[in-house]
Amino acid sequence: MTDLKKLEVWFITGTHHLYGDKALKQVAEHSQEIASSLNAAKQIPVQVLHQPIAASEEEIYALFSKANGAANCIGVITWMHTFSPAKMWINGLKILNKPLLHFHTQFNRDIPWSTIDMDFMNLNQSAHGDREFGFIMSRMRLNRKVVVGHWQDEESLGKINAWARSAAGWNDWQGAKFVRFGDNMRNVAVTEGDKVEANIQFGYSVNTYGVGDLVKVINAVSDASIDKLVKEYADSYVLMPSLLKGGEQHASLREAAKIEIGLQAFLEDGNYKGFTDTFEDLHGLVQLPGISVQRLMNKGYGFAGEGDWKTVALVRAMKTMGSGLKGGNSFMEDYTYHFDPNNRLVLGAHMLEICESIADAKPSCEIHPLGIGGKADPVRLVFNSAPGPAINAAMMDMGNRFRLLVNEVLAVTPLQPLPKLPVARVLWKPYPNMHLGCAAWILAGGAHHTCYSQNLTTEHMQDFAEMAGIEYLLIGKDTNLYQFKNELKWNDASYK
Ligand code: MN
């Protein structure tokens, strides 16, 4: 996926000329040391670049202006080593268009009890310098993440890591292009939305192509490239006998490979970061894309079914945010329930298109009929997903705003084999429990389509929502339905 080490966050230290050159020299040295330490920390996936200290309005403005224009700069970290009067920051903050993390830290971890004097206090005064900076950001109603802690503290590094990953996802959306083959599934509400508003708010664009444009590319795929990909399928998966060379359905496997090669060529040619299709508009396609979609998602493309472009973009962003982490991110749908009072579960799946990145073992490659779409039987990967903590995230257009809704869940091993279920699937328990979790989701207008993540947490998602400037709702371990309903009402009021 995305190589996060190519991306930079800039470490900017605020101060003031009042303290004299000797103090400013020390500020610069300390700032350099912290930035180098963050840059070297294995917990932080991006580069942390030290910037010259900012001691005047002009310097601050120039730094933020430069950050805005730096293609690889995905965000800035600010820290006030000394006091830095915050009116100096207003004009810089007004133009900054990258995410900001306010690191409320201090060079010295401990108070040097026996030697502390007024010079030490004046140098190490982020305890109040950062309050002045915090005030101006609150006064200007600016979203930012505040991380409190010593710069060598594991907890601080973890929070910076989460924010940097979210900033990478946000950066990836700016100028991103997603393609929609055909329109949304007919009559479905939640997959609709305002694409112009999304372009303004999120920075990505969604444009449509007739499926015939894709079919043309697929039909131009060479036999040699199909041979090569079919061999890769055989090496990577457990193929069911009928799909093997000489098997009666081997031609279907070749057709699936042809679709995958054509799809990828189309995406690469248009520089698209994700796509959606719909089973209602497959004219000229022999099968509904199954294995091809599962594999393209695994390569990092965003995807969602039925024309659901908002989920396409969300899956892409979450894949970027999780780059390099163990576990995967996949398009998902809440499909069916297990209401046993002693063990209530949701079974998540889709008709075909679950990303290989969440498979717990080598997938089996199978072909089965599909009840809808009226096409030839599609080839798909079938697998279970590993147990453990995960989240489901959904993006809805509420008419006057976008809402990002996240539910913490616990994935579990299927209670029994599912020999007749021919799709990849996940079983989970929603938090705080099945009844409350699902009730809260439905009250929030949560979509049936989500991005299921094994490697991101609610912290990543909240940081991301704040960067995007959209509503964020969490259904987690502490969710109480009375408070959640009030939150929905109050949020409505706050967006009026
Ligand atoms: Mn669906």
Side-chain angles (χ1 to χ4, degrees), residues 178-193 195 198 206 208 211 259 263 274-282 285 287-298 301-319 328-337 346-358 368-375 377-383 385 390-397 403-407 409 418 421-428 430 438 441-442 444-453:
F178 297 107
V179 63
R180 194 172 55 126
F181 296 112
D183 204 328
N184 291 49
M185 179 180 165
R186 286 188 277 278
N187 295 316
V188 176
V190 75
T191 54
E192 290 281 3
K195 296 196 287 294
V206 180
T208 192
V211 72
I259 293 173
L263 255 173
F275 65 105
T276 176
D277 58 16
T278 171
F279 66 91
E280 287 177 335
D281 188 356
L282 296 174
L285 275 180
Q287 306 171 8
L288 179 65
I291 184 173
S292 54
V293 170
Q294 295 178 285
R295 286 168 48 86
L296 288 168
M297 258 193 281
N298 196 34
Y301 289 102
F303 174 82
E306 294 110 41
D308 184 356
W309 53 270
K310 297 192 298 299
T311 307
V312 171
L314 186 62
V315 168
R316 167 67 189 197
M318 290 173 72
K319 283 183 169 291
N329 290 275
S330 177
F331 172 53
M332 188 59 67
E333 183 166 271
D334 295 74
Y335 227 117
T336 198
Y337 287 149
V346 180
L347 188 154
H350 204 255
M351 288 188 296
L352 305 167
E353 311 95 333
I354 299 299
C355 178
E356 198 188 336
S357 66
I358 63 165
H368 302 278
L370 187 68
I372 55 177
K375 293 282 162 180
D377 299 354
V379 177
R380 80 288 305 272
L381 299 174
V382 180
F383 52 82
S385 192
I391 56 169
N392 275 313
M395 181 82 81
M396 287 75 62
D397 183 340
R403 166 178 286 170
L404 181 62
L405 176 65
V406 176
N407 187 193
V409 303
L418 299 148
L421 185 68
V423 289
R425 61 275 175 152
V426 192
L427 282 137
W428 66 75
C438 293
W441 189 273
I442 285 170
H448 52 273
H449 284 168
T450 57
C451 180
Y452 175 85
S453 178

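The shown structure was predicted, so the numbers you read here are calculated from the model rather than taken from an experiment. The analysis underlying the following values was restricted to heavy atoms, covering all of them including side chains, and did not include hydrogens, waters or symmetry mates. Atoms within each ligand, like the ligands themselves, are counted from 1 in listed order.
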Aromatic ring pairing Phe331/His449, orientation class (parallel under 30°, perpendicular over 60°, tilted between): perpendicular
Can you tell me if, anywhere in Glu333, an N/O/S atom lies at a distance from the Mn ion (ligand 1) that is smaller than 2.8 Å? yes
So does His448 have any N/O/S atom less than 2.8 Å away from the Mn ion (ligand 1)? no
Take Val409 and Tyr452 through the test side-chain contact (heavy atoms from CB on, under 4.5 Å) and record every step on the way to the result. CA-CA 10 Å; Val409 303; Tyr452 175 85; 4.2 Å; yes
The atom name of the N, O or S atom in His449 nearest to the Mn ion (ligand 1) is NE2
Once rounded to 10 degrees, what value does the angle at the Mn ion (ligand 1) take between NE2 (His350) and OE1 (Glu306)? 110°
Mind checking whether Phe303 and Phe275 have ring centres under 6.0 Å apart? yes
Derivation and outcome, side-chain contact (heavy atoms from CB on, under 4.5 Å), residues Phe383 and Ile354: CA-CA 9 Å; Phe383 52 82; Ile354 299 299; 3.9 Å; yes
